[in-house]
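The next block holds one structure in the form of C-alpha cells; read it before the comments.
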Amino acid sequence: MGDFLQVNLKDQVAVVTGATRGIGQSIAEGLAANGAKVACLGTNAERLQQTVTGINQNGGEAVAYLCNVAVTEEVNKAVKEILERFGKVDILVNNAGITRDMLVRRLSDEQWDDVIAINLRGPFLMTRACCEAMRKAKYGRIINITSVSGLQGNAGQSNYSASKAGLVGFTRTVALELANRNITVNAVAPGFIDTDMTAVLSDIVKQVAKDQTPVGRFGQVEDVANAVLFLASDKASFITGQVLPVDGGLTV
C-alpha cells in the first residue's frame with residue numbers, strides 16, 4: 001500500500017475501472033485507505049482478485065467485479081450489482097485504458113476501434129450507468145483518467161490521443177450537465193508514470209521521456225492516486241470540468 005493523501009471518505013462507495021494493476025490498483029487502494037468501500041472492475045480475474053485481497057487484508061473493504069467497460073450489458077450488470085450490494089455510488093473513477101500504438105498510415109481499423117471502445121466508450125457507459133443514482137442522491141464525484149497524450153500530440157498514438165482528448169471534452173460537457181445536482185466531473189492527466197506500461201520501454205526511450213519531463217523523472221502511481229483522492233474529497237467541491245495534469249511539468 002502506498003503513501004496516500006488523507007481525506008475523509010468514510011462510508012462512501014467508490015467504483016474504479018481497470019483496477020487490476022498500476023494506476024488503477026493504486027487508486028483503489030488509496031480510496032480504501034481513506035475509508036471508502038471500493039468496487040473494483042477489470043477483465044483479468046486473477047489480478048483483480050489480488051487487488052481486492054490486498055485491500056481487504058489491509059483493513060479496507062473491496063469487492064471484485066469482472067467487467068469489460070466497452071460492453072453495455074456488462075457495465076449495466078456490474079453497476080446494478082454494486083447498487084444492490086452497497087445502495088449507492090458516491091465516486092466513479094474511469095481509469096480503464098489500453099494502447100495499440102502504430103503510425104496512422106499503418107493503423108488498422110481494429111487497433112483504432114479497440115482503443116476508442118475501452119478508453120472513450122467505456123467512461124461513457126460507466127458514467128451513464130452510475131449518474132442516475134448520483135442524481136437521486138444529489139451527490140457524486142466522477143473522475144476520468146485521461147493522459148498528457150490527450151492534451152498534446154504523440155507520434156504513433158493517434159488512436160490513444162484521440163480517445164484521451166475525447167475524454168477531456170466528455171469530462172467538460174458532463175460537468176455542465178450534472179453540476180446542478182452537486183456532482184463534480186473532473187479529469188486527471190498523467191504524464192510518464194512508473195508502471196508496467198513504461199517498464200517495457202527501452203532504456204533510450206525512458207531517458208528521452210525523462211529528459212522531456214522538467215522534473216527529470218517518472219512519476220509514481222501514488223502521485224496519480226493522490227490527485228484522484230483530492231478531487232474525490234469535499235475539499236474539491238468547487239472544482240468541476242477541469243483537467244489536472246500530473247506530469248512533472250511536461251505540458252507546461
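What you see below is based on every heavy atom in this structure, not just the backbone, and it leaves out hydrogens, waters and symmetry mates.
- The one candidate from Asn119, Thr127, Asn186, Thr171 that meets the side chain to side chain donor-acceptor pair (under 3.5 Å) condition with Asn144 is Thr171.
- A donor-acceptor pair shorter than 3.5 Å can be found between the side chains of Thr72 and Arg121.
- Ile27 and Ile142 fall into different hydrophobic clusters, where Ile, Leu, Val, Met, Phe, Trp and Tyr residues are linked whenever their side-chain heavy atoms come under 4.5 Å apart, directly or through other members.
- The shortest non-hydrogen separation linking Val52 to Ala62 is CG1-O, 3.3 Å.
- Once rounded to the nearest 0.5 Å, the distance linking CG of Leu92 with CG of Asn95 reads 10.5 Å.
- You'll find the side chain of Ile91 reaches within 4.5 Å of the side chain of Val93, heavy atoms only.
- Taking 4.0 Å as the cut-off between side-chain N and carboxylate O, Glu73 and Lys77 do not count as a salt-bridged pair.
- Using a 4.5 Å heavy-atom cutoff, the side chains of Arg172 and Val243 are in contact.
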Margin query: What verdict does the side-chain contact (heavy atoms from CB on, under 4.5 Å) test give for Val63 and Phe86, after you've listed the backbone C-alpha separation in whole Å, the side-chain angles of each residue and the deciding distance to 0.1 Å?
Written below: CA-CA 10 Å; Val63 181; Phe86 295 108; 3.8 Å; yes
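- Asp223 places no side-chain N or O within donor-acceptor distance of the main-chain N or O of Gly219, the cut-off being under 3.5 Å.
- Of all heavy-atom pairs between Gln220 and Ile193, the closest is C-CG2, 3.7 Å.
- Contact of the Val188 side chain with the Leu231 side chain is registered, since non-hydrogen atoms from C-beta on lie closer than 4.5 Å.
- At a threshold of 4.5 Å between side-chain heavy atoms, the hydrophobic network of Ile, Leu, Val, Met, Phe, Trp and Tyr places Val208 and Leu250 in two separate groups.
- Judged by distance alone, the side chain of Gln242 and the main-chain N or O of Thr240 form a donor-acceptor pair under 3.5 Å.
- Met134 contributes atom CE, which lies 8.5 Å from atom OG1 of Thr184 (distance to the nearest 0.5 angstrom).
- The side-chain heavy atoms of Arg135 and Leu178, taken from C-beta on, include a pair separated by under 4.5 Å.
- A donor-acceptor pair is defined here as one N or O able to donate and one able to accept, closer than 3.5 Å; such a pair exists between the side chain of Ser233 and the backbone of Phe230.
- Here Glu81 contributes atom CD and Asn76 contributes atom CG; the two are 11.5 Å apart, rounded to the nearest 0.5 Å.
- Atom CD1 of Ile82 and atom NZ of Lys88 lie 14.0 Å apart (nearest 0.5 Å).
- A distance-only check finds no donor-acceptor pair linking the side chain of Asp247 to the backbone of Pro190 [under 3.5 Å].
- A single hydrophobic cluster is seen to contain both Leu167 and Leu41, as judged by linkage of ILVMFWY side chains at heavy-atom distances under 4.5 Å, directly or through other members.
- Remark: the Glu74 side chain and the Asn68 side chain contain no N/O donor-acceptor pair separated by less than 3.5 Å.
- Clustering of Ile, Leu, Val, Met, Phe, Trp and Tyr by side-chain heavy atoms under 4.5 Å joins Leu48 with Leu66.
- Interatomic distance, CD1 of Ile118 versus OG1 of Thr99, reported as 12.0 Å (0.5 Å rounding).
- Met126 places a side-chain heavy atom less than 4.5 Å from the side chain of Val15.
- Judged as a ring-ring contact (aromatic ring centres under 6.0 Å, His included), not a single pair has a partner in residues 111-168 (not counting sequence neighbours).
- A donor-acceptor pair is defined here as one N or O able to donate and one able to accept, closer than 3.5 Å; such a pair exists between the side chain of Ser237 and the backbone of Asp234.
- Taking CZ of Arg217 as the start and NZ of Lys206 as the end, the distance is 15.5 Å to the nearest 0.5 Å.
- Counting heavy atoms of neighbouring residues, nucleotides and ligands inside a 6.0 Å radius, atom CD of Gln6 does not exceed 12 of them.
- Side chain of Asp196 to backbone of Gly22: no donor-acceptor contact under 3.5 angstrom is found.
- Hydrophobic clustering keeps Ile183 apart from Leu244 (ILVMFWY residues linked when any side-chain heavy atoms are closer than 4.5 Å, directly or through intermediates).
- Heavy atoms only, all atoms of each residue included: Val38 and Ala32 are closest at CG2-N, 3.7 Å.
- Using a distance-only test at 3.5 Å, with no hydrogens or angles considered, a donor-acceptor pair links the side chain of Lys164 to the main chain of Ile145.
- Taking a 6.0 Å sphere around CG of Asp109, one finds it holds 12 or fewer heavy atoms contributed by other residues, nucleotides or ligands.
- By the salt bridge (charged side-chain N to carboxylate O under 4.0 Å, His left out) test, Asp211 pairs with no residue at all, sequence neighbours left out.
- Of the possible donor and acceptor atoms, one in the side chain of Thr51 sits under 3.5 Å from a partner among the backbone N and O of Ala19.
- Side-chain polar atoms of Ser108 and Gln111 form a donor-acceptor pair below 3.5 angstrom.
- The pair Asp90-Arg141 fails the salt-bridge criterion, with no side-chain N (NZ, NE, NH1 or NH2) lying under 4.0 Å from an Asp/Glu carboxylate O.
- When hydrophobic clusters are built by joining Ile, Leu, Val, Met, Phe, Trp and Tyr residues whose side-chain heavy atoms come closer than 4.5 Å, directly or via intermediates, Val89 is not grouped with Leu31.
- Surrounding CD of Glu84 are more than 12 heavy atoms belonging to other residues, nucleotides or ligands, all under 6.0 Å away.
- The two atoms that bring Ile23 and Val221 nearest to each other are N-CG1, 3.7 Å, heavy atoms only.
- Residue Arg100 comes nearest to Asp114 through the heavy atom pair NE-OD2, 4.3 Å, listed as atom of the first residue, atom of the second, then distance.
- With sequence neighbours excluded, no residue satisfies salt bridge (charged side-chain N to carboxylate O under 4.0 Å, His left out) with Arg47.
- Leu107 places a side-chain heavy atom less than 4.5 Å from the side chain of Asn159.
- Residues meeting the ring pair (Phe, Tyr, Trp, His ring centres under 6.0 Å) test with Phe192, sequence neighbours left out: Phe218.
- Using modelled atom types, one finds no donor on one side chain facing an acceptor on the other under 3.5 Å when comparing Ser161 with Gln157.
- Scored by the salt bridge (charged side-chain N to carboxylate O under 4.0 Å, His left out) test, Lys136 finds no partners at all (sequence neighbours excluded).
- Cys40 places none of its side-chain heavy atoms less than 4.5 Å from the side chain of Val16.
- Within a 6.0 Å sphere centred on CG of Leu103, heavy atoms belonging to other residues, nucleotides or ligands number more than 12.
- Looking at every heavy atom in both residues, Thr17 comes nearest to Ala96 through OG1-N, 2.9 Å.
- Judged purely by atom type and a 3.5 angstrom limit, Ser147 uses its side chain to pair as donor or acceptor with the backbone of Ser149.
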